[in-house]
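Let me begin by presenting the structure, written as structure tokens, before commenting on it.
Residue numbers count from 1 along this sequence.
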Amino acid sequence: MPKSCNAPRCTNSNKKGYCLTTFPQDSKIKEAWIDAAGVTDWKPTKTAALCEVHFHPSALYCVGNKKFIKKNVIPTMFCKCDEHIKRKFLAEIKSKESIESLASKKQSV
């Protein structure tokens with residue numbers, strides 16, 4: 001059954017070739033995963049999973065062609081950007097590009 005990563009702003013899945021692992025049963029380690037993701041009041045479901053991208057490369061190992069994530073490691077690699085700020089920044093870039101484009105068109109006329 002295909003699984004997708006449940007980390008904020010992550011669209012990776014095992015269908016795309018990423019290794020995924022479900023949240024640990026140990027409550028302390030599970031809480032550490034939630035804290036590492038930086039999501040307030042996140043209650044992952046029993047089937048929630050994270051992909052290999054959120055773990056340091058030393059936390060991964062291979063058996064043949066398959067990748068696995070070591071047990072009891074804490075994910076550390078998450079996008080911590082504020083989505084609102086990110087959208088605002090992208091809008092400013094697009095606006096600036098539009099202004100520059102209009103200015104160059106006026107100069108060529």
pair H54-C5: side-chain heavy atoms closer than 4.5 Å: yes
Sequence neighbours excluded, every pair satisfying salt bridge (charged side-chain N to carboxylate O under 4.0 Å, His left out) that has a member inside residues 53-63: none
Residue pairs, two or more places apart or on separate chains, that pass salt bridge (charged side-chain N to carboxylate O under 4.0 Å, His left out) and touch residues 50-62: E52-K67
Single-linkage hydrophobic cluster I74~I69, side-chain heavy atoms < 4.5 angstrom: yes
Listing, residues 22-34 side-chain donor-acceptor contacts under 3.5 Å, not counting sequence neighbours, or none:
{"unit_1": "D26", "atom_1": "OD1", "unit_2": "K28", "atom_2": "N", "d": "2.9"}
{"unit_1": "D26", "atom_1": "OD1", "unit_2": "I29", "atom_2": "N", "d": "3.1"}
{"unit_1": "W33", "atom_1": "NE1", "unit_2": "V73", "atom_2": "O", "d": "2.9"}

Nearest heavy atoms of C51 and Y18, plus distance in Å: CB-CB, 4.3 Å
Common cluster, V53/L50, ILVMFWY with side-chain heavy-atom separation under 4.5 Å: no
Summary of side-chain hydrogen bond (donor to acceptor under 3.5 Å, both in side chains) pairs that have at least one residue in residues 36-47, sequence neighbours excluded: T45-T47
Result block: side-chain N/O donor-acceptor pairs under 3.5 angstrom for residues 55-63, not counting sequence neighbours:
{"unit_1": "H56", "atom_1": "ND1", "unit_2": "S58", "atom_2": "N", "d": "3.0"}
{"unit_1": "H56", "atom_1": "ND1", "unit_2": "S58", "atom_2": "OG", "d": "2.9"}

With K70 via salt bridge (Lys or Arg N to Asp or Glu O under 4.0 Å) - residues at least two apart: none
Nearest-0.5 Å distance that lies between atom CG in N12 and atom CG in L20: 7.5 Å
